[in-house]
Amino acid sequence: MMQKTKTYVSDTVSRLQPSGIRRFFDLAASMEGVISLGVGEPDFITPWSVREACILSLEQGYTSYTANAGLWELRKEISDYLARRFEVLYDPANEIIVTVGASQALDVSLRAILNPGDEVIVVEPSFVSYAPLVSLAGGVPIPIQTSGKHQFKLQPEQIEQVVTPKTKALIICSPNNPTGTVLNREELVQIARIVAKHDLLVISDEIYAELCYDEQYTSFPAIAHMRERTILINGFSKGFAMTGWRLGFIAAPKDLAMAMLKIHQYTMMCAPTMAQYAAIEALRNGAGDVEQNEKKKVTDNGATFFVQSLNEIGLSCHMPGGAFYAFPSIQSTGMTSEQFAERLLLEEKVAVVPGYVFGASGEGYIRCSYASSLEQLQEAIRRMRRFLERL
């Protein structure tokens with residue numbers, strides 16, 4: 001038998017690093033009595049009316065493919081929702097695509113716009129998939145490292161420092177994962193000026209938009225002259241407590257949306273039919289808005305208690321403006337974020353995510369989700385305090 005002489009895995013995939021988040025999730029899952037502050041999802045289940053709509057669709061036999069872009073009724077509801085909630089207008093016929101989660105929306109967006117070697121500016125700390133997906137699409141991720149000094153807010157002059165003739169797009173996420181930072185309208189306007197100056201596209205990840213609680217949320221395409229330069233990504237996972245349903249959407253100008261639809265057609269066909277019927281119920285009957293009061297109670301109370309407690313035990317942390325993440329500094333301990341997270345898990349059974357997985361500027365920090373019960377958060381703080389006292 002001939003010996004294998006080729007390497008069959010592509011060079012691009014070989015260079016990719018596995019998600020640093022998964023390692024800690026897998027380790028925590030193998031241990032008893034762990035309090036997990038690592039999971040990026042709300043601490044409550046999908047509203048009953050939404051689940052019931054899914055069940056009804058099954059009972060009625062709605063189990064076939066939908067249109068590639070998604071059910072017309074759902075696209076219409078998404079269009080109405082964006083207009084009502086964020087004052088941005090998109091044509092449901094050819095500017096909205098229903099995707100398998102916001103992650104697929106990001107993947108499709110990047111593959112539709114990038115030529116080999118095109119550069120995409122990634123604002124760090126950032127969600128772990130941004131840079132790898134740029135690379136998989138043939139692009140080159142160019143990091144911008146934000147600072148805790150500015151509460152991890154992108155400074156407009158930082159874009160000027162890294163933009164080149166090869167720069168195609170900028171990815172922003174507000175509220176941000178992992179820092180909870182929110183960019184307000186004035187800050188977005190300053191970014192928009194530079195975007196227009198350099199003729200860039202913006203991929204605006206707004207999956208946490210419903211979980212903004214310190215000021216009025218501004219969607220990037222609502223900024224003057226930015227709609228035609230923006231690919232808006234959102235979904236149902238965070239704001240509607242539908243993480244496991246894997247349903248997101250893209251809203252973009254027609255030429256961009258139709259390009260993305262080509263890729264979506266060949267790689268996914270359509271998003272799950274039953275989940276689409278559930279999403280119609282979530283939007284049509286206000287399940288998201290009704291549940292928002294409970295979400296805000298969780299995030300407001302969680303943020304206030306948890307962030308204050310982190311500061312009291314010696315882990316400096318800014319107050320997040322949205323999402324459900326705190327991003328405290330662990331630099332005073334002298335450990336790397338990986339060392340801190342691993343020891344905290346093994347010694348006190350509290351799971352957090354080391355900041356380095358979100359980019360170089362995340363080193364020296366950890367991400368903690370406070371979308372848990374107050375009792376769980378109180379116990380987590382007790383264990384963290386005990387851990388710090390032993391150091």
I want to know whether [X] and [Y] have ring centres closer than 6.0 Å.
{"X": "F152", "Y": "F358", "result": "no"}
{"X": "F86", "Y": "Y81", "result": "yes"}
{"X": "F327", "Y": "Y365", "result": "yes"}

Please assess E312 against I381 for the test side-chain contact (heavy atoms from CB on, under 4.5 Å), listing each intermediate value before the final yes or no. CA-CA 10 Å; E312 288 170 4; I381 288 293; over 6 Å; no

key: I203 vs L170, side-chain contact (heavy atoms from CB on, under 4.5 Å): CA-CA, chis, key distance, verdict   = CA-CA 6 Å; I203 298 176; L170 163 72; over 6 Å; no

Hey, does the side chain of [X] reach the backbone of [Y] with a donor-acceptor pair shorter than 3.5 angstrom?
{"X": "T99", "Y": "A102", "value": "no"}
{"X": "N68", "Y": "G70", "value": "no"}
{"X": "K349", "Y": "E32", "value": "yes"}
{"X": "N115", "Y": "D118", "value": "no"}
{"X": "R229", "Y": "L200", "value": "yes"}
{"X": "K238", "Y": "E210", "value": "no"}
{"X": "Q339", "Y": "T336", "value": "yes"}
{"X": "D107", "Y": "S103", "value": "no"}
{"X": "E389", "Y": "R386", "value": "no"}

Between [X] and [Y], is any side-chain donor less than 3.5 angstrom from a side-chain acceptor?
{"X": "S174", "Y": "E206", "value": "no"}
{"X": "Y325", "Y": "Y208", "value": "yes"}
{"X": "T66", "Y": "Q276", "value": "yes"}
{"X": "S126", "Y": "E124", "value": "no"}
{"X": "T179", "Y": "N176", "value": "yes"}
{"X": "T181", "Y": "Q151", "value": "no"}

- Message: What I want to find out is whether K197 reaches E160 closely enough, with some N-O distance under 4.0 Å, to be called a salt bridge.
- Response: yes

Under-4.0 Å salt bridge between R284 and E77: yes

Per side-chain hydrogen bond (donor to acceptor under 3.5 Å, both in side chains), E348 is matched among R390, R382, R343, R383 by R390

Q) Do we get R227 above Y90's six-membered ring, with its NZ or CZ under 6.0 Å from the centre and within 45° of the axis? A) yes

Report, as yes or no, whether the 6.0 Å neighbourhood of atom CD on E228 holds more than 12 heavy atoms from other residues, nucleotides or ligands. yes

Exercise. Evaluate the ring planes of Y130 and F127, with Trp represented by its six-membered ring, and classify them as parallel (under 30°), tilted (30 to 60°) or perpendicular (over 60°).
Key: perpendicular

In short, Y266 meets K262 closest at the heavy-atom pair CD1-O, 3.1 Å

Exercise for review: Before giving the answer on side-chain contact (heavy atoms from CB on, under 4.5 Å), spell out for F240 and V50 the whole-Å C-alpha distance, their side-chain angles and the decisive distance to 0.1 Å.
Suggested key: CA-CA 10 Å; F240 293 86; V50 179; over 6 Å; no

- Item | Pair K153-T146, side-chain contact (heavy atoms from CB on, under 4.5 Å): steps then yes or no | CA-CA 6 Å; K153 290 196 174 189; T146 59; over 6 Å; no

